[in-house]
Amino acid sequence: MKSEFVLAFNEVLEEKQLPRDVIIQALESAMVSAYRKAVTASAAQHVEAKLDPETGRFVIYAEKEVVDSVVDNRTEVILEEARKVDPNCELGDMVIVESTPKDFGRVAAQTARQVIQQRIRDAERNDQMSHYEKQIGEIVSGVVQAINREGYTIGLEKKAEGILQQSNLIRGERFHMHDRVRALVVEVKDNPRNPQIVLSRTHKDFLRRLLENEVPEIFHGIVEIRSITREPGERAKIAVSATQQGIDPVGACVGLRGVRIQAIVRELHDEKIDVIEWNPDPVIYISKAISPARVVGVYLGEGNSATVIVPEDQLSLAIGREGQNARLAARLTGWRIDIKSVSESAAELIHTYEQGEDVVLTHETSGEPIIITIKELFKGEDEVIDKVRGVLAKKAEGRAILPEEIEILNGFVDRVEKRKTAKVHFSVTDTLKVLGKKGLTQDEIEALPIKESGLPAHVCEILEENGHKTFDDIYNVMKNDPDVMFKLHGVTADDMNDLARIVTFVGKHKVTAVEPEEEPVAETEPEIVPEPITEPEEEPVAEPEPVVEPEPEPIAEPEEKEPEITYDIPEDQELSMEDIFNSVSSGLMKMSDYDDEEDSKMDAPYGKPSKKKKKKKGIEIEYDPDSDSTMVRRKHKRGDDDWGW
């Protein structure tokens with residue numbers, strides 16, 4: 001039969017959900033405190049306790065001095081007793097011997113009980129702290145235990161309590177007692193009594209974790225969440241991309257008939273969620289971020305700003321209620337977005353044209369001012385500007401604008417904005433020309449950072465993330481294995497052409513032993529080239545003769561010979577039906593002589609018209625019903641106009 005101590009010990013283990021060693025350590029510490037209280041031992045004296053969990057028996061050990069005669073049992077022990085523990089001890093040595101009292105007393109027992117409770121409480125608090133510190137950024141589930149003005153108290157696992165404040169609740173969200181709530185662990189604060197666990201349902205990572213729970217592709221890393229932003233209870237935007245080919249990231253998040261995304265929407269109290277596909281090209285990325293509005297064009301400006309042109313009827317949808325859609329799109333992409341309608345942008349450009357002042361911008365890489373003259377900005381747009389003025393005048397009067405006029409506005413704005421952005425963002429070719437004029441040394445060129453190459457910012461970030469940070473890194477990788485670059489997610493064929501230009505630029509400044517070896521190869525080539533050029537001069541003369549002459553002649557000769565084989569039939573001569581049939585069988589008339597298009601189509605394979613040149617008829621047959629006779633006439637190449645020649 002188990003002792004009462006063992007039963008109580010197991011009950012504490014089950015109730016507190018603490019490790020066995022933690023409870024044993026708390027009990028031993030309590031017994032040490034009880035011993036010090038019972039015998040009023042000094043704090044400097046070393047005392048320890050040992051517990052046997054099977055029997056529940058405690059043994060107290062205290063450090064004492066070895067003496068001849070004991071004056072104080074609390075701190076002294078005779079030599080005979082000490083040598084039972086340490087046979088080599090001598091007088092004056094300090095020895096740890098057993099000092100378990102027969103009875104601790106009521107005060108000591110009360111002290112032990114308090115110490116046990118305090119140590120278990122501290123162990124429980126430390127366990128909660130260590131557990132929920134690992135849960136920061138994860139979703140936990142709990143039950144509403146209390147409701148107050150500041151928010152809710154949520155009961156969690158391990159008897160912990162979380163605080164869900166009103167500021168961390170979705171607007172319009174209400175809970176009742178004993179409702180189960182899911183929230184994100186934002187922060188864990190150490191408190192003397194219990195750890196303070198701060199929960200939130202408005203954090204953007206709460207939506208991220210919900211997506212990981214509902215979408216297996218995100219959980220397993222097949223689909224990656226690139227960026228996420230939300231206004232709790234109103235709207236959220238998520239940019240996702242696939243890490244494997246053939247995967248639709250947006251479809252994976254939405255699910256069949258929207259089952260996956262609808263489960264998240266219900267959890268967030270009908271918060272609207274837009275899922276878009278991430279793209280490394282900021283122009284495409286920004287145009288998708290403005291969805292559900294349609295975009296005419298996206299033009300990257302100075303710094304991290306972008307201008308988005310939308311149709312007139314899409315302006316309010318692109319901006320959103322109180323600017324919500326534009327604000328979320330800017331947070332999602334990290335760009336400052338300015339949304340304009342086509343007519344508004346066209347009016348601003350016309351105003352710039354009429355003022356005649358040059359446009360001054362700042363280059364994104366060098367930071368140097370760039371002056372764009374009016375002639376450069378509106379080159380070849382003189383006639384279009386008059387049409388644009390007419391369309392804007394019609395709009396100001398409230399008259400309907402035709403689709404053709406809208407296309408005129410779209411084309412005008414697109415061309416002018418592209419000229420402006422082309423000056424702000426140098427191409428790789430222009431950048432390399434500028435670098436070439438600076439007279440940099442080979443080492444300086446190889447050490448140039450990739451950001452100064454003129455490549456798009458997103459491509460530079462991709463290259464730097466994969467360890468390609470300088471011109472020399474690009475040169476070495478492209479020379480060894482260009483596929484390494486092309487396999488990087490987000491690097492297109494146009495980017496590969498730009499990287500090839502960088503390799504050519506660096507290669508011109510490389511001083512290697514390969515360059516002199518290439519020169520004699522170039523010298524031998526021109527010596528070999530003229531020899532084959534002289535030999536085939538006669539061959540092309542001989543080649544067209546068998547190709548041109550034999551092919552058309554066998555086709556044309558039989559058709560020309562057939563009429564020659566026929567009898568000399570004078571004009572207006574009457575023939576009987578028997579003579580006509582004989583002439584047909586002898587080759588005077590053939591089906592190929594007819595110019596019927598349908599017949600020619602049937603003769604060609606698969607019903608396609610024959611590409612052979614048809615020969616016109618040389619004989620015309622007429623039937624005279626009055627005399628019941630048939631007339632055969634020869635056609636002349638030069639004859640009456642009525643024949644249609």
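Along the sequence shown, residues carry numbers from 1. Please read these numbers as outputs of a predicted model, since none were measured by experiment.
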Quiz item: From Ile450 CD1 over to Asp473 CG, what is the distance, rounded to the nearest 0.5 angstrom?
Solution: 8.5 Å
Quiz item: Where do Val275 and Val240 come nearest, in terms of heavy atoms and distance?
Solution: CG1-CG2, 4.0 Å
Quiz item: Is a side-chain donor or acceptor of Arg327 paired with a backbone partner of Glu322 at a separation under 3.5 angstrom?
Solution: yes
Quiz prompt | Short side-chain to backbone donor-acceptor contact, Arg260 and Ala252, under 3.5 Å | solution = yes
Exercise. Apply the test salt bridge (Lys or Arg N to Asp or Glu O under 4.0 Å) to residues Asp205 and Arg209: give CA-CA distance (whole Å), side-chain angles for both, the deciding distance (0.1 Å), then the verdict.
Key: CA-CA 6 Å; Asp205 285 342; Arg209 295 295 177 249; 5.7 Å; no
Practice problem: Kindly determine whether Lys340 and Glu348 satisfy salt bridge (Lys or Arg N to Asp or Glu O under 4.0 Å), including the steps that lead there. | Solution: CA-CA 10 Å; Lys340 300 178 182 179; Glu348 291 180 358; 2.6 Å; yes
Quiz item: To the nearest 0.5 Å, what is the distance between OG1 (Thr229) and CD1 (Ile238)?
Solution: 10.0 Å
Quiz prompt | Minimal non-hydrogen separation, Val484 against Leu488, with atom names | solution = O-CG, 3.5 Å
Practice problem: I would like to know whether Val384 and Ile408 meet side-chain contact (heavy atoms from CB on, under 4.5 Å); could you show each step before the answer? | Solution: CA-CA 8 Å; Val384 179; Ile408 292 175; 4.2 Å; yes
Quiz item: Taking 4.0 angstrom as the limit, do Arg415 and Glu381 come out as a salt bridge?
Solution: yes
Practice problem: Establish, from distance only, whether the side-chain atoms of Thr243 and Glu224 form a donor-acceptor pair under 3.5 Å. | Solution: no
Quiz prompt | Minimum-distance pair of heavy atoms, taken over all atoms of Gly233 and Ile170 | solution = CA-CG2, 3.4 Å
Quiz item: Under a 4.0 Å N-O cut-off, is there an ion pair linking Asp270 with Arg266?
Solution: no
Practice problem: Please indicate whether Arg257 has more than 12 foreign heavy atoms, meaning atoms of other residues, nucleotides or ligands, lying under 6.0 Å from its CZ. | Solution: no
Quiz item: Under 30°, 30 to 60°, or over 60°: which ring-plane class applies to Phe412 and Phe378, parallel, tilted or perpendicular?
Solution: parallel
Practice problem: Give the minimum heavy-atom separation between Asp274 and Pro292, together with the two atoms involved. | Solution: OD2-CD, 4.5 Å
Quiz item: Under 3.5 Å, side chain of Arg419 to main-chain N/O of Lys379, donor-acceptor pair present?
Solution: yes
Self-check item: From Glu465 atom CD to Ile462 atom CD1, the distance as rounded to the nearest 0.5 Å
Solution: 7.0 Å
Quiz item: When you measure from the side chain of Asp414 to the backbone N and O of Asn410, does any donor-acceptor pair fall under 3.5 Å?
Solution: no
Quiz item: Any salt bridge between Arg321 and Glu234, counting N to O under 4.0 Å?
Solution: yes
Exercise. Evaluate the side-chain contact (heavy atoms from CB on, under 4.5 Å) criterion for residues Ile264 and Glu271: first the C-alpha distance (whole Å), next the side-chain angles of each, then the deciding distance (0.1 Å), finally the verdict.
Key: CA-CA 9 Å; Ile264 300 174; Glu271 181 177 318; over 6 Å; no
Quiz prompt | Rounded distance (nearest 0.5 Å) linking atom CD of Glu231 with atom CZ of Arg171 | solution = 9.0 Å
Quiz item: What are the two closest non-hydrogen atoms of Pro249 and Val223, and how far apart are they?
Solution: CB-CG1, 3.9 Å
Quiz item: How long is the gap from CG on Asn304 to CH2 on Trp335, to the nearest 0.5 Å?
Solution: 5.0 Å
Quiz item: Ion pair present between Arg201 and Glu173, side-chain N to carboxylate O less than 4.0 angstrom?
Solution: yes
Quiz item: Does a side chain donor of either Gln355 or His351 reach within less than 3.5 Å of an acceptor in the other side chain?
Solution: yes
Quiz prompt | salt_bridge(Glu405, Lys394) N-O dist < 4.0 Å | solution = yes
Exercise. Decide yes or no on side-chain contact (heavy atoms from CB on, under 4.5 Å) for Val295 and Lys288, but give the supporting numbers first.
Key: CA-CA 9 Å; Val295 175; Lys288 290 183 177 181; over 6 Å; no
Self-check item: Nearest atoms (heavy-atom pairs only) where Leu332 meets Tyr285
Solution: O-OH, 3.3 Å
Practice problem: Inspect the surroundings of NZ in Lys204 and state if more than 12 heavy atoms from other residues, nucleotides or ligands are less than 6.0 Å away. | Solution: no
Quiz item: Salt bridge check: are Glu354 and Arg389 linked by an N-O gap of less than 4.0 Å?
Solution: yes
